[in-house]
2 protein chains.
Amino acid sequence: MADTTRTSERRYGTRPTMKDVAARAGVGLKTVSRVVNGEPGVTPDTVRRVQDAIDALGFRRNDSARILRKGRTASIGLVLEDLADPFYGPLSRAVEEAARAHGALLIHGSSAEDADRERELVLALCARRVDGLIVVPASDDHRYLEPEIDAGVATVFVDRPPGRIDADVVLSDSFSGARDGVAHLIAHGHRRVGFIGDRLSIHTARERLRGYRTAMADAGLPVDERWVSLGPTDPERVRRAARAMLDGEEPVTAVFSANNRVTVTAVRELNGRARPTALVGFDDFELADLLSPGVTVIAQDAAELGRAAARRLFRRLDGVNEEPARVTLPTRLIPRGSGELPPPAGGPSRS
Amino acid sequence: MADTTRTSERRYGTRPTMKDVAARAGVGLKTVSRVVNGEPGVTPDTVRRVQDAIDALGFRRNDSARILRKGRTASIGLVLEDLADPFYGPLSRAVEEAARAHGALLIHGSSAEDADRERELVLALCARRVDGLIVVPASDDHRYLEPEIDAGVATVFVDRPPGRIDADVVLSDSFSGARDGVAHLIAHGHRRVGFIGDRLSIHTARERLRGYRTAMADAGLPVDERWVSLGPTDPERVRRAARAMLDGEEPVTAVFSANNRVTVTAVRELNGRARPTALVGFDDFELADLLSPGVTVIAQDAAELGRAAARRLFRRLDGVNEEPARVTLPTRLIPRGSGELPPPAGGPSRS
DNA sequence: CCTGGGTTTGACAACGTTGTCCAGGTTCTA
DNA sequence: TAGAACCTGGACAACGTTGTCAAACCCAGG
């Protein structure tokens, strides 16, 4: 490939600029800009000449320069815990659709539930000058975001509230959901209900535990602390927890599992046992209805979480200036069989 | 909020620049740049002064300007079909990890299996001057990408090959996988095997169909065209297809479903029937082992697809200049029960 | 043929950063 | 002590685009 010195010709790795287009079309720089952006006030004939030059050179506007000049990037950042978690699929998708509707691109990052990594990602996105941020918090202290928010980065938290700052947040009603799920088990005759949850550092985990305790208390039932297990959601820990509460001295007859990862492992453990144990899980998951018995769940609407967060975000970007608000979405109990199993006859359900 | 004229103070919606920092620290612009980028040749004392000014003003480097100046954006684009499809979760995740390891951010878009939308997204990413692109093609003509690739945008296709251009691509071995899956059914005594696939416009769909036909031919079995159903993967179409081949005159005794969406619907249909029908599905999915019977699948390694694509991409970004290559990853048959069901005794398995 | 109004066009600065290059100061060497 | 070598810091241009503003042009009406 001859390295020609004619600057207006395409060379490998060098992209033509508006200046090149202008030279080729024999017009001024600004006229090219006008054509590229569809601004009025250019003769049809000139438009055609410029268009031809654009096509001939394979010109594509450099949005970096445009962004620098205009100050707006038409992109929003989405930071969540793990892209591969099926719960976040519909949420991301909903945010993406909203972004698309507003002509914005989505920049994505997973925090892997690590506070430092969340911070690092969020600040990288701010350095890119994203117009807005949607964050599923991993950290419990978001004061580092204050200067950014002051500087005008619209920020909405979703699924969990931010720590130590006041900002928009969209949540599912974890407390009521868990309370309803546990009450459902109690209504089917259970008196000893186990709870397998996430680490207490996570807000939703705390709320769901509170829902569990409330439901038990409302029914006048005691909670044996051996029935409550909190910690990371890896299968090994969850398995051990399930075994402990099922094989102990006063075994539970039902289990409430506080998120989808826990539920899946719990199902695996319960299915292998002779004595059926009732189960209600927080979060719906695909194929829950096809298992036998079908898994009764407290479903949250992940897509709606994303939509609501995006709605809030774009309202702010459109200049609406309101106080930060908390939106709480209701959950839905979906009975499928596992939550309606009765306690073993003649078993510990006698008061 | 008083609109002070002191330009170096923070005002709402206006961010401090290096110039502001320089003024405040009493140093030159370039010195600030050096400190921000950790370049050598600045006295510790000066560094501290600059650092203080940065903290006081809440300065954060504007990456748009940096990108404009340097030409590299440290970001890569990922365009796939649907973020919410669980198959793409691990793939995205793997790409993200690789990006992170190389200090790059990930910009994300879903094509929704629409060629125009793919093109629009890809070109938007090119306008942003992403350093590289990873694309799950929805279109069958990617000539529109040629100028971009010539201009230096490293591009790797994944899961499906590009159309009408030569470029890197990472694929699962759909042909062999399907052939093995169908051979597995035949090995268990089936002679009438149905195939429910995706639209033929999709490369993997064609390959899997070819695998099916090859397995049947290799076993000397005829294929009745009523056993083959191709089309969109919505549940309604798949259900009808399954019913037709199961209730027809010469009903199939086994079904090969050519992707995860089809498999899930097929399981739903088959589970409701008295006569058990064998099933092997392409793509693994969560909980496949918990259904009864467990679903035998041809598993592809989605995460490895992503990793391999990212590896290829970053090799190119590191300057390695090779001919475009096709990488094909093997699939793995995972027997779980549904694929090992025998045909009904005394039924049509007599030759 | 000139004036006035509108339309079309282009020159120029600016966005915030980094690369180049040079000035001034310090330290070391002969 | 002079001169070289080195270190630190800053002035300036450039990246490719868009906003501002003024110049040039066109046509109709007088």
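Quick caveat: nothing in here was measured; it's all calculated off a predicted structure. Throughout, a chain's letter reflects where its sequence line sits, starting with A, and its residues are numbered from 1.
- Across the protein-nucleic acid pair, B/R60 atom CZ and C/dT17 atom C1' stand 16 Å apart, rounded to whole Å.
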Point to revise | Pair B/R72-B/L317, side-chain contact (heavy atoms from CB on, under 4.5 Å): steps then yes or no | key: CA-CA 10 Å; B/R72 278 258 169 145; B/L317 290 184; 4.2 Å; yes
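- Distances shown here put a side-chain N or O of A/T43 below 4.0 Å from the OP1 or OP2 atom of C/dT9.
- Within 4.0 Å of B/V36, counting heavy atoms only, lies no atom of the nucleic acid at all.
- Rounded to whole Å, the distance from CD1 on A/I67 to C1' on C/dT17 is 14 Å.
- Taking atom CD of A/E39 as the reference point, atom P of C/dT9 lies 13 Å away to the nearest angstrom.
- As a whole-Å value, the separation of B/N37 CG from C/dT17 P is 10 Å.
- Nucleic acid contact for A/S64: none, since no nucleic acid atom lies under 4.0 Å from a heavy atom of the residue.
- Across all strands shown, A/K70 has heavy atoms under 4.0 Å from sugar-phosphate atoms exclusively, and none from any base.
- Nucleic acid contact for A/L29: base, since at least one base atom lies under 4.0 Å from a heavy atom of the residue.
- Remark: P of D/dC15 and CZ of B/R128 are 22 Å apart, rounded to the nearest angstrom.
- Out of D/dT17, C/dT17, C/dT8, the shortest distance to the side chain of A/F59 is found at D/dT17.
- The CG-P distance, from A/L68 to D/dA14, rounds to 17 Å in whole Å.
- For the pair A/D45 and A/R48, the salt-bridge criterion is met [side-chain N within less than 4.0 Å of a carboxylate O].
- Taking atom CZ of residue A/R72 and atom P of nucleotide C/dC15, one finds them 19 Å apart after rounding to whole Å.
- Taking the charged nitrogens against the carboxylate oxygens, B/R316 and B/E322 have no contact shorter than 4.0 Å, which rules out a salt bridge.
- Within 4.0 Å of B/D63, counting heavy atoms only, lies no atom of the nucleic acid at all.
- Between the side chain of A/R34 and the base of C/dG10 there is at least one donor-acceptor pair of N/O atoms closer than 3.5 Å.
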Practice item. Could you check B/S110 against A/E96 for side chain to side chain donor-acceptor pair (under 3.5 Å), going step by step and ending with a plain yes or no? Key: CA-CA 8 Å; B/S110 300; A/E96 189 197 340; 2.7 Å; yes
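- Regarding contacts with the backbone of D/dT18, a side-chain N or O of A/S33 is found under 4.0 angstrom from either OP1 or OP2.
- Along DNA chain D, the nucleotide closest to B/R69 and the one closest to A/T17 are compared, and the more 5′ of them pairs with B/R69.
- Applying the 4.0 Å criterion to OP1 and OP2 of D/dT18, one finds that A/R61 has a side-chain N or O inside that range.
- Rounded to a whole Å, the CG atom of A/D45 is 13 Å from the P atom of D/dC26.
- Between the side chain of B/K30 and the base of C/dG19, a donor-acceptor pair under 3.5 Å is found.
- Across all non-hydrogen atoms, the minimal contact from B/L145 to B/C126 is CD2-SG, 4.4 Å.
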